[in-house]
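Inspection log for the structure reproduced underneath, given as structure tokens.
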Amino acid sequence: MNQKIINKPIITSEDLERIGIPPTQVKRVVHDAKKKAVSAGFTFYNGKQNFAPFKFICEIIGIGEVA
């Protein structure tokens, strides 16, 4: 996995596609991560952005968060 992507607090759709996730799956992952962020109180993510916090992306795709 690209080290620059791992160190980013916000992950974009393009970042996920760059590491090999198919575009359709990327849309679903970002959408679900944004929903989790809004549920956690981050109302900023309640919009049409194509990015989400790294923490929630990790939860969705099942990888451990890197410190």
Separation between [atom1] of [X] and [atom2] of [Y], rounded to the nearest 0.5 Å:
X     : Y     : atom1 : atom2 : answer
Ile11 : Ile57 : CD1   : CD1   : 7.0 Å
Ile60 : Lys35 : CD1   : NZ    : 9.5 Å
Glu14 : Ile19 : CD    : CD1   : 12.5 Å

- [ ] Please identify each residue that fulfils side-chain hydrogen bond (donor to acceptor under 3.5 Å, both in side chains) with Ser13, with sequence neighbours left out.
- [x]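 None.
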Open item on the list: Checking Asn46 now: which residues fulfil side-chain contact (heavy atoms from CB on, under 4.5 Å) with it, not counting sequence neighbours?
Closed with: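 Testing Asn46 for side-chain contact (heavy atoms from CB on, under 4.5 Å), a comparison that skips the adjacent residues, returns Val38.
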Task: Residues which pass side-chain contact (heavy atoms from CB on, under 4.5 Å) with Phe44, listed by chain and number, not counting sequence neighbours - done: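 For Phe44 the side-chain contact (heavy atoms from CB on, under 4.5 Å) partners, ignoring immediate neighbours, are Gln49, Phe51.
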TODO: Considering non-hydrogen atoms only, spot the tightest contact between Tyr45 and Ala52 and give its length.
DONE: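 Nearest heavy atoms, Tyr45 then Ala52: CE2-CA, 4.3 Å.
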TODO: Could you pull out the closest heavy-atom pair between Phe56 and Ala40, with the gap in Å?
DONE: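 Minimum heavy-atom separation between Phe56 and Ala40: CZ-CB, 3.9 Å.
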TODO: Not counting sequence neighbours, list each pair that qualifies as a salt bridge (charged side-chain N to carboxylate O under 4.0 Å, His left out) and has a residue in residues 20-32.
DONE: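 Output for this query lists Arg28-Asp32.
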Open item on the list: Strictly by salt bridge (charged side-chain N to carboxylate O under 4.0 Å, His left out), give each pair with a member in residues 36-47 just once, sequence neighbours left out.
Closed with: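 Residue pairs with at least one partner in residues 36-47: Lys36-Glu59.
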Open item on the list: Which residues pass the salt bridge (charged side-chain N to carboxylate O under 4.0 Å, His left out) test with Glu17, not counting sequence neighbours?
Closed with: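 Residues passing salt bridge (charged side-chain N to carboxylate O under 4.0 Å, His left out) with Glu17: none at all.
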- [ ] Find out whether Val29 and Val26 are in side-chain contact, i.e. whether some heavy atom of one side chain is under 4.5 Å from a heavy atom of the other.
- [x]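 Side-chain contact under 4.5 Å: no.
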